[in-house]
Colleague: 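Here it is, the structure, as C-alpha coordinates.
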Protein chains: 2
Amino acid sequence: MPTRSPALGFVDGLVQLSFLVQSVLAKAAARHDLTVPQVRLLGILRDREPGMVQLARYLGLDKSSVTGLVDRAERRGLVQRDADVDDGRGIRVSSTALGRQLTEQVSAEIGAQVVALGSSLSAADKRMLTRLVGQILTTQDSAPGP
Amino acid sequence: MPTRSPALGFVDGLVQLSFLVQSVLAKAAARHDLTVPQVRLLGILRDREPGMVQLARYLGLDKSSVTGLVDRAERRGLVQRDADVDDGRGIRVSSTALGRQLTEQVSAEIGAQVVALGSSLSAADKRMLTRLVGQILTTQDSAPGP
DNA sequence: TATTGTTATACTCTATAACTATA
DNA sequence: TATAGTTATAGAGTATAACAATA
(Lines give C-alpha, C1' and ligand atoms only; values in the text may rest on other atoms or scores of the structure.)
Protein backbone atom coordinates (compact mmCIF):
# COMPACT_ATOMS: atom_id res chain seq x y z
CA MET A 1 0.00 0.00 0.00
CA PRO A 2 1.36 3.38 -1.01
CA THR A 3 2.01 5.67 1.92
CA ARG A 4 1.54 8.92 0.03
CA SER A 5 2.11 10.30 -3.47
CA PRO A 6 3.37 13.89 -3.55
CA ALA A 7 3.22 13.97 -7.39
CA LEU A 8 6.88 14.10 -8.31
CA GLY A 9 8.31 16.41 -10.93
CA PHE A 10 10.48 15.58 -13.89
CA VAL A 11 13.78 15.46 -12.01
CA ASP A 12 12.70 13.57 -8.91
CA GLY A 13 10.70 11.18 -11.03
CA LEU A 14 13.65 10.23 -13.20
CA VAL A 15 15.97 10.00 -10.21
CA GLN A 16 13.61 7.78 -8.22
CA LEU A 17 12.91 5.66 -11.27
CA SER A 18 16.63 5.12 -11.74
CA PHE A 19 16.92 3.85 -8.18
CA LEU A 20 13.93 1.60 -8.68
CA VAL A 21 15.35 0.06 -11.85
CA GLN A 22 18.79 -0.29 -10.29
CA SER A 23 17.29 -2.09 -7.33
CA VAL A 24 15.57 -4.52 -9.70
CA LEU A 25 18.92 -5.12 -11.37
CA ALA A 26 20.76 -5.55 -8.08
CA LYS A 27 18.22 -8.00 -6.69
CA ALA A 28 18.08 -10.08 -9.86
CA ALA A 29 21.88 -10.16 -9.90
CA ALA A 30 22.06 -11.09 -6.21
CA ARG A 31 19.73 -14.02 -6.72
CA HIS A 32 22.51 -15.52 -8.83
CA ASP A 33 25.32 -14.32 -6.59
CA LEU A 34 26.20 -11.57 -8.99
CA THR A 35 26.50 -7.80 -8.74
CA VAL A 36 25.35 -5.12 -11.16
CA PRO A 37 28.86 -4.56 -12.55
CA GLN A 38 29.23 -8.29 -13.14
CA VAL A 39 25.92 -8.35 -15.00
CA ARG A 40 27.03 -5.43 -17.13
CA LEU A 41 30.26 -7.22 -17.91
CA LEU A 42 28.40 -10.35 -18.96
CA GLY A 43 25.97 -8.27 -20.99
CA ILE A 44 28.77 -6.68 -22.95
CA LEU A 45 30.33 -10.06 -23.62
CA ARG A 46 27.11 -11.35 -25.15
CA ASP A 47 28.21 -10.18 -28.56
CA ARG A 48 31.80 -9.01 -28.16
CA GLU A 49 35.28 -10.25 -27.25
CA PRO A 50 36.97 -7.03 -26.28
CA GLY A 51 40.39 -6.36 -24.81
CA MET A 52 40.73 -4.86 -21.37
CA VAL A 53 41.03 -1.29 -22.61
CA GLN A 54 37.93 -1.59 -24.79
CA LEU A 55 36.09 -3.21 -21.91
CA ALA A 56 37.07 -0.35 -19.66
CA ARG A 57 35.68 2.07 -22.23
CA TYR A 58 32.38 0.19 -22.51
CA LEU A 59 32.01 0.13 -18.74
CA GLY A 60 33.25 3.64 -18.14
CA LEU A 61 35.83 2.36 -15.67
CA ASP A 62 39.57 2.50 -15.32
CA LYS A 63 41.30 -0.51 -16.84
CA SER A 64 42.73 -1.42 -13.45
CA SER A 65 39.18 -1.72 -12.11
CA VAL A 66 38.30 -4.03 -14.97
CA THR A 67 41.19 -6.32 -14.08
CA GLY A 68 39.51 -7.11 -10.78
CA LEU A 69 36.06 -7.41 -12.31
CA VAL A 70 37.32 -9.92 -14.87
CA ASP A 71 39.41 -11.72 -12.26
CA ARG A 72 36.37 -12.43 -10.14
CA ALA A 73 34.23 -13.49 -13.08
CA GLU A 74 37.02 -15.72 -14.35
CA ARG A 75 37.45 -17.29 -10.93
CA ARG A 76 33.79 -18.31 -11.13
CA GLY A 77 34.23 -19.74 -14.60
CA LEU A 78 31.97 -17.16 -16.25
CA VAL A 79 34.51 -15.54 -18.56
CA GLN A 80 37.91 -16.35 -19.93
CA ARG A 81 41.02 -14.52 -21.08
CA ASP A 82 42.75 -15.58 -24.30
CA ALA A 83 45.83 -14.18 -25.94
CA ASP A 84 45.15 -11.67 -28.70
CA VAL A 85 46.66 -13.22 -31.82
CA ASP A 86 47.14 -9.79 -33.43
CA ASP A 87 48.84 -8.07 -30.49
CA GLY A 88 51.29 -9.74 -28.15
CA ARG A 89 50.39 -7.33 -25.37
CA GLY A 90 46.66 -7.82 -25.59
CA ILE A 91 44.11 -10.35 -24.46
CA ARG A 92 40.53 -11.06 -25.47
CA VAL A 93 37.85 -11.51 -22.84
CA SER A 94 34.92 -13.76 -23.69
CA SER A 95 32.01 -15.51 -21.99
CA THR A 96 32.23 -19.20 -21.24
CA ALA A 97 29.28 -21.49 -21.89
CA LEU A 98 28.46 -21.23 -18.19
CA GLY A 99 28.69 -17.46 -18.38
CA ARG A 100 26.37 -17.28 -21.37
CA GLN A 101 23.85 -19.51 -19.67
CA LEU A 102 23.86 -17.35 -16.53
CA THR A 103 23.60 -14.22 -18.65
CA GLU A 104 20.46 -15.47 -20.34
CA GLN A 105 18.86 -16.43 -17.04
CA VAL A 106 19.59 -13.14 -15.38
CA SER A 107 18.58 -11.13 -18.45
CA ALA A 108 15.29 -12.96 -18.63
CA GLU A 109 14.55 -12.24 -14.98
CA ILE A 110 15.49 -8.61 -15.34
CA GLY A 111 13.34 -8.32 -18.44
CA ALA A 112 10.34 -9.82 -16.70
CA GLN A 113 10.71 -7.59 -13.68
CA VAL A 114 11.22 -4.40 -15.62
CA VAL A 115 8.18 -5.24 -17.71
CA ALA A 116 6.31 -5.76 -14.45
CA LEU A 117 7.24 -2.22 -13.42
CA GLY A 118 5.15 -1.02 -16.32
CA SER A 119 2.20 -3.27 -15.66
CA SER A 120 -0.05 -0.37 -14.70
CA LEU A 121 0.53 1.33 -18.06
CA SER A 122 -1.68 0.82 -21.06
CA ALA A 123 -0.08 -0.53 -24.21
CA ALA A 124 -0.21 2.93 -25.71
CA ASP A 125 1.43 4.45 -22.63
CA LYS A 126 4.17 1.86 -22.75
CA ARG A 127 4.86 2.69 -26.39
CA MET A 128 4.87 6.36 -25.53
CA LEU A 129 7.26 5.89 -22.63
CA THR A 130 9.57 3.79 -24.76
CA ARG A 131 9.62 6.48 -27.40
CA LEU A 132 10.35 9.29 -24.95
CA VAL A 133 13.08 7.33 -23.20
CA GLY A 134 14.58 6.41 -26.55
CA GLN A 135 14.63 10.04 -27.51
CA ILE A 136 16.53 10.97 -24.36
CA LEU A 137 19.03 8.18 -24.88
CA THR A 138 19.72 8.86 -28.53
CA THR A 139 20.11 12.57 -27.80
CA GLN A 140 22.79 12.02 -25.19
CA ASP A 141 24.95 9.10 -26.24
CA SER A 142 27.74 7.08 -25.08
CA ALA A 143 25.27 6.33 -22.34
CA PRO A 144 26.80 3.55 -20.20
CA GLY A 145 26.21 0.18 -21.86
CA PRO A 146 23.69 -2.65 -21.22
CA MET B 1 27.70 12.32 -32.41
CA PRO B 2 25.63 9.20 -31.91
CA THR B 3 27.30 6.07 -33.19
CA ARG B 4 24.08 4.18 -33.94
CA SER B 5 20.55 3.92 -32.56
CA PRO B 6 19.11 0.40 -32.63
CA ALA B 7 15.71 1.64 -31.33
CA LEU B 8 15.63 0.19 -27.86
CA GLY B 9 12.61 -1.52 -26.37
CA PHE B 10 10.85 -0.83 -23.11
CA VAL B 11 13.21 -2.87 -20.93
CA ASP B 12 16.54 -1.84 -22.40
CA GLY B 13 15.39 1.75 -22.55
CA LEU B 14 14.55 1.91 -18.86
CA VAL B 15 17.71 0.06 -17.91
CA GLN B 16 19.97 2.31 -19.97
CA LEU B 17 18.17 5.40 -18.72
CA SER B 18 18.75 4.28 -15.15
CA PHE B 19 22.48 4.03 -15.81
CA LEU B 20 22.47 7.42 -17.47
CA VAL B 21 20.73 9.08 -14.54
CA GLN B 22 22.94 7.28 -12.03
CA SER B 23 26.02 8.47 -13.84
CA VAL B 24 24.73 12.04 -13.65
CA LEU B 25 24.24 11.56 -9.92
CA ALA B 26 27.66 10.00 -9.42
CA LYS B 27 29.46 12.71 -11.35
CA ALA B 28 27.65 15.54 -9.61
CA ALA B 29 28.43 13.92 -6.27
CA ALA B 30 32.07 13.37 -7.20
CA ARG B 31 32.50 17.02 -8.11
CA HIS B 32 31.95 17.70 -4.40
CA ASP B 33 33.92 14.70 -3.19
CA LEU B 34 30.75 12.83 -2.40
CA THR B 35 29.31 9.49 -3.43
CA VAL B 36 25.75 8.59 -4.39
CA PRO B 37 25.00 6.99 -0.99
CA GLN B 38 26.29 10.14 0.73
CA VAL B 39 24.02 12.29 -1.42
CA ARG B 40 21.07 10.06 -0.58
CA LEU B 41 21.88 10.35 3.10
CA LEU B 42 22.03 14.13 2.88
CA GLY B 43 18.81 14.18 0.87
CA ILE B 44 16.98 12.25 3.53
CA LEU B 45 18.26 14.58 6.23
CA ARG B 46 16.86 17.60 4.43
CA ASP B 47 13.60 17.26 6.29
CA ARG B 48 14.16 14.56 8.89
CA GLU B 49 16.23 13.72 11.97
CA PRO B 50 15.94 9.97 12.04
CA GLY B 51 17.61 7.39 14.23
CA MET B 52 19.98 4.86 12.74
CA VAL B 53 17.34 2.17 12.34
CA GLN B 54 14.95 4.53 10.57
CA LEU B 55 17.79 5.74 8.40
CA ALA B 56 18.63 2.17 7.50
CA ARG B 57 15.01 1.64 6.49
CA TYR B 58 14.94 4.76 4.32
CA LEU B 59 18.15 3.74 2.59
CA GLY B 60 17.32 0.06 2.31
CA LEU B 61 20.59 -0.84 4.05
CA ASP B 62 21.60 -2.76 7.12
CA LYS B 63 22.05 -0.53 10.16
CA SER B 64 25.70 -1.52 10.39
CA SER B 65 26.23 -0.13 6.89
CA VAL B 66 24.62 3.12 7.95
CA THR B 67 27.03 3.44 10.86
CA GLY B 68 29.91 3.75 8.41
CA LEU B 69 28.00 6.07 6.08
CA VAL B 70 27.19 8.43 8.94
CA ASP B 71 30.71 8.11 10.35
CA ARG B 72 32.25 9.35 7.14
CA ALA B 73 29.75 12.18 6.74
CA GLU B 74 30.25 13.19 10.35
CA ARG B 75 34.03 13.16 9.94
CA ARG B 76 33.56 15.71 7.16
CA GLY B 77 31.31 17.83 9.31
CA LEU B 78 28.23 17.28 7.13
CA VAL B 79 26.01 15.56 9.70
CA GLN B 80 25.91 15.16 13.44
CA ARG B 81 24.70 12.63 15.99
CA ASP B 82 22.78 13.78 19.03
CA ALA B 83 21.38 11.79 21.90
CA ASP B 84 17.69 10.94 21.56
CA VAL B 85 16.04 12.58 24.52
CA ASP B 86 13.19 10.06 24.52
CA ASP B 87 15.30 6.89 24.32
CA GLY B 88 18.61 6.43 26.07
CA ARG B 89 19.71 3.92 23.47
CA GLY B 90 18.93 6.04 20.47
CA ILE B 91 20.53 8.91 18.63
CA ARG B 92 19.23 11.42 16.11
CA VAL B 93 21.15 12.14 12.94
CA SER B 94 20.84 15.61 11.43
CA SER B 95 22.51 17.80 8.82
CA THR B 96 24.89 20.50 9.92
CA ALA B 97 24.79 23.95 8.33
CA LEU B 98 27.70 22.87 6.12
CA GLY B 99 25.85 19.70 5.20
CA ARG B 100 22.70 21.60 4.27
CA GLN B 101 24.68 24.02 2.15
CA LEU B 102 26.40 21.19 0.27
CA THR B 103 23.08 19.41 -0.16
CA GLU B 104 21.55 22.43 -1.84
CA GLN B 105 24.51 22.86 -4.16
CA VAL B 106 24.58 19.23 -5.22
CA SER B 107 20.81 19.04 -5.58
CA ALA B 108 20.82 22.10 -7.78
CA GLU B 109 23.49 20.64 -10.04
CA ILE B 110 21.71 17.32 -10.25
CA GLY B 111 18.46 19.08 -11.06
CA ALA B 112 20.04 21.12 -13.81
CA GLN B 113 21.70 18.12 -15.36
CA VAL B 114 18.67 15.89 -15.23
CA VAL B 115 16.63 18.66 -16.80
CA ALA B 116 19.30 18.87 -19.47
CA LEU B 117 18.76 15.19 -20.22
CA GLY B 118 15.27 16.08 -21.34
CA SER B 119 16.27 19.10 -23.40
CA SER B 120 15.31 17.43 -26.66
CA LEU B 121 11.76 16.84 -25.45
CA SER B 122 8.92 19.28 -26.06
CA ALA B 123 7.16 20.70 -23.04
CA ALA B 124 4.26 18.38 -23.73
CA ASP B 125 6.56 15.38 -23.98
CA LYS B 126 8.21 16.30 -20.69
CA ARG B 127 4.81 16.48 -19.00
CA MET B 128 3.88 13.17 -20.53
CA LEU B 129 7.09 11.52 -19.40
CA THR B 130 6.68 12.91 -15.90
CA ARG B 131 3.17 11.53 -15.74
CA LEU B 132 4.16 8.06 -16.99
CA VAL B 133 7.13 7.85 -14.63
CA GLY B 134 4.96 9.02 -11.76
CA GLN B 135 2.46 6.31 -12.55
CA ILE B 136 5.15 3.64 -12.41
CA LEU B 137 6.49 4.98 -9.12
CA THR B 138 3.16 5.29 -7.37
CA THR B 139 2.17 1.81 -8.52
CA GLN B 140 5.23 0.19 -7.01
CA ASP B 141 6.12 1.92 -3.76
CA SER B 142 8.62 1.92 -1.12
CA ALA B 143 10.84 2.82 -4.02
CA PRO B 144 14.26 3.71 -2.56
CA GLY B 145 14.29 7.32 -1.35
CA PRO B 146 15.63 10.63 -2.81
C1' DT C 1 57.89 6.44 -26.91
C1' DA C 2 53.22 4.77 -26.58
C1' DT C 3 50.04 1.15 -25.43
C1' DT C 4 48.26 -3.11 -23.01
C1' DG C 5 47.58 -5.21 -19.02
C1' DT C 6 48.66 -6.12 -14.07
C1' DT C 7 50.01 -5.00 -9.34
C1' DA C 8 50.15 -2.32 -5.07
C1' DT C 9 47.64 0.50 -2.31
C1' DA C 10 43.84 2.92 -0.37
C1' DC C 11 39.14 4.07 0.27
C1' DT C 12 33.97 3.58 0.01
C1' DC C 13 30.16 0.64 0.39
C1' DT C 14 27.90 -3.32 1.98
C1' DA C 15 26.57 -7.49 4.80
C1' DT C 16 26.81 -10.88 8.75
C1' DA C 17 27.72 -11.88 13.36
C1' DA C 18 28.71 -10.60 17.83
C1' DC C 19 28.62 -7.22 21.27
C1' DT C 20 27.02 -3.22 24.69
C1' DA C 21 23.64 -0.55 26.72
C1' DT C 22 19.07 0.57 27.41
C1' DA C 23 14.00 -0.55 27.38
C1' DT D 1 13.71 -10.48 26.15
C1' DA D 2 13.79 -7.06 22.56
C1' DT D 3 15.64 -2.94 20.49
C1' DA D 4 19.27 0.76 19.20
C1' DG D 5 23.60 1.30 17.90
C1' DT D 6 28.56 -0.07 17.26
C1' DT D 7 32.44 -3.08 16.23
C1' DA D 8 34.92 -6.75 13.86
C1' DT D 9 35.52 -8.86 9.79
C1' DA D 10 35.20 -9.87 4.99
C1' DG D 11 34.52 -8.96 0.27
C1' DA D 12 33.14 -6.21 -3.96
C1' DG D 13 34.01 -2.15 -6.50
C1' DT D 14 36.68 1.74 -7.73
C1' DA D 15 40.75 4.94 -8.62
C1' DT D 16 45.73 6.41 -8.81
C1' DA D 17 50.37 5.39 -9.46
C1' DA D 18 53.93 2.47 -10.77
C1' DC D 19 55.40 -1.30 -13.39
C1' DA D 20 56.46 -5.08 -17.23
C1' DA D 21 56.09 -6.49 -21.82
C1' DT D 22 55.20 -5.46 -26.42
C1' DA D 23 54.47 -2.25 -30.33
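Keep in mind that what you see is a predicted model, and the values were worked out from it rather than measured. Here is the naming used below: chain letters follow the sequence lines, and residue numbers restart at 1 for every chain.
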Colleague: Please report the distance, rounded to the nearest Å, between CZ in A:Arg57 and C1' in D:dT14.
Modeller: 19 Å
Colleague: Starting at CZ of A:Arg76 and ending at C1' of D:dA12, how long is that distance when rounded to a whole Å?
Modeller: 12 Å
Colleague: From CG of A:Asp82 over to P of C:dG5, roughly how many Å is that when rounded to an integer?
Modeller: 13 Å
Colleague: Which of the following nucleotides, D:dA4, D:dA15, C:dT16, is nearest to the side chain of B:Val53?
Modeller: D:dA4
Colleague: Please report the distance, rounded to the nearest Å, between CG in A:Asp86 and P in D:dT22.
Modeller: 16 Å
Colleague: Is B:Gly88 touching bases, backbone alone, or none of the nucleic acid, heavy atoms closer than 4.0 Å?
Modeller: sugar-phosphate
Colleague: How many Å lie between CG on A:Asp71 and C1' on D:dA12, as a whole number?
Modeller: 12 Å
Colleague: Can you say whether a donor on the side chain of A:Arg89 sits under 3.5 Å from an acceptor on the base of C:dT3, or the other way round?
Modeller: yes
Colleague: Taking CG from A:Leu34 and P from C:dT14, how many angstroms apart are they, rounded to a whole number?
Modeller: 18 Å
Colleague: Would you indicate which nucleotide in D:dT14, C:dT14, C:dT7 comes nearest to any side-chain atom of A:Thr67?
Modeller: C:dT7
Colleague: Cluster question for you: counting only ILVMFWY and a side-chain heavy-atom cut-off of under 4.5 Å, with indirect links fine, are B:Leu69 and B:Val53 together?
Modeller: no
Colleague: Is there a salt bridge (Lys or Arg N to Asp or Glu O under 4.0 Å) between A:Arg131 and B:Asp125 once you walk through the steps?
Modeller: CA-CA 10 Å; A:Arg131 175 180 78 75; B:Asp125 277 353; 3.3 Å; yes
Colleague: Closer than 4.0 angstrom, basic N to acidic O: yes or no for A:Arg76 and A:Asp33?
Modeller: no
Colleague: Have a look at A:Gly68 and say if it touches a base, only the backbone sugar-phosphate, or nothing, with a 4.0 Å heavy-atom cut-off.
Modeller: nothing
Colleague: Between C:dT14, D:dA23, D:dG5, which nucleotide gets closest to the side-chain atoms of B:Ser65?
Modeller: C:dT14
Colleague: Please report, rounded to the nearest Å, how far the C1' atom of C:dT6 is from the CG atom of A:Leu69.
Modeller: 15 Å
Colleague: Which one, D:dG5, D:dT14, D:dA15, comes nearest to the side chain of B:Lys63?
Modeller: D:dG5
Colleague: At under 4.0 Å between heavy atoms, what does A:Asp87 touch on the DNA or RNA strands: base, sugar-phosphate, or nothing?
Modeller: sugar-phosphate
Colleague: Phosphate oxygens OP1/OP2 of C:dT6: is one of them under 4.0 Å from a side-chain N or O of A:Arg81?
Modeller: yes
Colleague: Does a salt bridge link A:Asp71 with A:Arg81, judged by any charged N lying under 4.0 Å from a carboxylate O?
Modeller: yes
Colleague: Looking at D:dT14, does its base get a donor-acceptor pair with the side chain of A:Ser64 below 3.5 Å?
Modeller: no
Colleague: In whole Å, I'd like the distance from the CG atom of B:Leu61 to the C1' atom of D:dA4.
Modeller: 17 Å
Colleague: Out of D:dG5, D:dA4, D:dA23, which nucleotide sits closest to the side chain of B:Ile91?
Modeller: D:dG5
Colleague: Between the side chains of B:Ser18 and A:Ser18, does any donor sit under 3.5 Å from an acceptor?
Modeller: no
